[in-house]
Asks: 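Attaching a single structure in structure tokens format; questions to follow.
All residue numbers in this chain count up from 1 along the given sequence. Just so we're clear, the structure is a prediction, and the values are computed from it rather than from any experiment. Just follow the structure's listing: the first ligand is 1, and inside any ligand the first atom is 1.
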Amino acid sequence: MIKVAPSLLSADFANLQKDIERAQAADWLHVDVMDGMFVSNISIGVPVVKSVRKITDKFLDVHLMIEKPSRYIEAFANAGADLISIHLEADMPPGIQDALRIMDEKKVKKGIVLRPITSAEAVLPYIKDIDLILVMTVEPGFGGQAFMKDQLPKIKQIRKYIDEFNPNCHLEVDGGVDANTAPLVVEAGADVLVAGNAVYGSDDVEKAIEFFKNVGQK
Ligand code: DX5
Ligand code: ZN
């Protein structure tokens with residue numbers, strides 16, 4: 001079965017507890033952290049993760065869209081993140097390695113993220129040592145954008161790398177995932193789907209989550 005990670009970016013921040021309860025059927029919760037530098041938008045940070053941690057046992061999948069993420073790994077881990085993913089474009093390789101090392105020390109799961117411009121091969125130096133690869137199918141920064149179909153070959157290539165080098169690594173896809181695009185993404189090899197608008201923009205949140213969980217089931 002596919003894991004679904006509703007993106008809290010599309011939730012109502014004034015009613016976050018209610019929106020988290022509405023997503024009870026989900027496996028994970030996806031938390032989008034933006035610094036206004038790595039991406040133009042600013043979203044939420046450490047205190048929100050800390051508060052969310054107090055009201056749910058769900059696996060917190062924290063997607064950092066921030067420059068030089070090694071500066072904040074410890075804080076997000078202490079706030080209760082279960083997995084932290086960092087963009088390969090957000091620092092030079094030694095900075096990325098530093099961030100991953102701190103995740104190890106803090107015993108949180110490790111993810112790397114690729115912007116649409118970044119090629120599949122970029123995962124190779126890290127793949128054996130990580131728990132998740134996140135492929136962006138929109139330019140990071142905002143929810144509700146159109147899915148970039150040209151990322152599908154990259155998802156397929158990364159699935160091949162994962163099968164060869166680290167079969168336990170998750171392959172997550174984020175951006176424009178909806179009822180039309182989810183089957184393409186799962187067919188290409190993803191096993192975790194992030195969905196913002198398609199979950200929180202739906203009249204029936206539970207039904208939307210169940211739909212995504214069962215994508216690809218015969
Ligand atoms: C975009 C974020 C996404 C976003 C997805 O920068 O990383 O997680 O919330 O939203 P949808 O599913 O609406 O494209
Ligand atoms: Zn995200």
Asks: Should the pair His30 and His63 be assigned to parallel (<30°), tilted (30 to 60°) or perpendicular (>60°) ring geometry?
Replies: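 Because their plane-to-plane angle lies in the 30° to 60° range, the rings of His30 and His63 count as tilted.
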Asks: Heavy-atom count check: over 12 atoms from other residues, nucleotides or ligands less than 6.0 Å from Tyr72 OH?
Replies: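 Counting other residues, nucleotides and ligands, OH of Tyr72 stays at 12 neighbours or fewer.
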Asks: Within the supplied structure, the quantity of interest is the number of heavy atoms (other residues, nucleotides, ligands) at a distance under 6.0 Å from Glu210 CD; does it exceed 12?
Replies: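 Above 12, so yes.
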Asks: Without swapping roles, check the side chain of Lys106 against the backbone of Ile73 for a donor-acceptor pair under 3.5 Å.
Replies: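 Checked: no pair found.
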Asks: Under 4.0 Å between a Lys/Arg side-chain N and an Asp/Glu carboxylate O for Lys110 and Asp129?
Replies: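 Salt bridge present between Lys110 and Asp129.
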Asks: Shortest non-hydrogen contact from Met103 to Lys109?
Replies: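 Reported closest heavy-atom pair: SD-O, 4.0 Å.
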Asks: May I ask you to say whether Arg22 pairs ionically with Glu206, meaning some side-chain N is under 4.0 Å from a carboxylate O?
Replies: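 Not counted as a salt bridge, because no side-chain N and carboxylate O are separated by less than 4.0 Å.
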Asks: Excluding waters, which protein N, O or S atoms are within less than 2.8 Å of the Zn ion (ligand 2)?
Replies: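 As for protein N, O or S atoms lying under 2.8 Å from the Zn ion (ligand 2), they are His30 NE2, Asp32 OD1, His63 ND1, Asp174 OD2.
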Asks: Which pair of heavy atoms, one from Ser85 and one from Ile112, lies closest together, and at what distance?
Replies: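 That closest heavy-atom pairing would be CB-N, 4.3 Å.
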Asks: Anything under 3.5 Å between an N or O on ligand 1 and a protein N or O? List each pair with its distance, or write none.
Replies:
residue: ligand 1; atom: 6 (O); partner: Gly141; partner atom: N; Å: 2.7
residue: ligand 1; atom: 7 (O); partner: Asp32; partner atom: OD1; Å: 2.9
residue: ligand 1; atom: 7 (O); partner: His63; partner atom: ND1; Å: 3.2
residue: ligand 1; atom: 7 (O); partner: Asp174; partner atom: OD2; Å: 2.8
residue: ligand 1; atom: 8 (O); partner: His30; partner atom: NE2; Å: 3.4
residue: ligand 1; atom: 8 (O); partner: Asp32; partner atom: OD1; Å: 3.2
residue: ligand 1; atom: 8 (O); partner: Asp32; partner atom: OD2; Å: 2.8
residue: ligand 1; atom: 8 (O); partner: Asp174; partner atom: OD1; Å: 2.7
residue: ligand 1; atom: 8 (O); partner: Asp174; partner atom: OD2; Å: 3.0
residue: ligand 1; atom: 9 (O); partner: Ser7; partner atom: OG; Å: 2.9
residue: ligand 1; atom: 9 (O); partner: Asp32; partner atom: OD2; Å: 3.2
residue: ligand 1; atom: 12 (O); partner: Gly196; partner atom: N; Å: 2.8
residue: ligand 1; atom: 13 (O); partner: Gly144; partner atom: N; Å: 2.8
residue: ligand 1; atom: 13 (O); partner: Asn197; partner atom: N; Å: 3.0
residue: ligand 1; atom: 14 (O); partner: Gly176; partner atom: N; Å: 2.8

Asks: Less than 4.0 angstrom from a charged side-chain N to a carboxylate O is my criterion; do Glu105 and Arg101 meet it?
Replies: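 Answer for the salt bridge query: yes.
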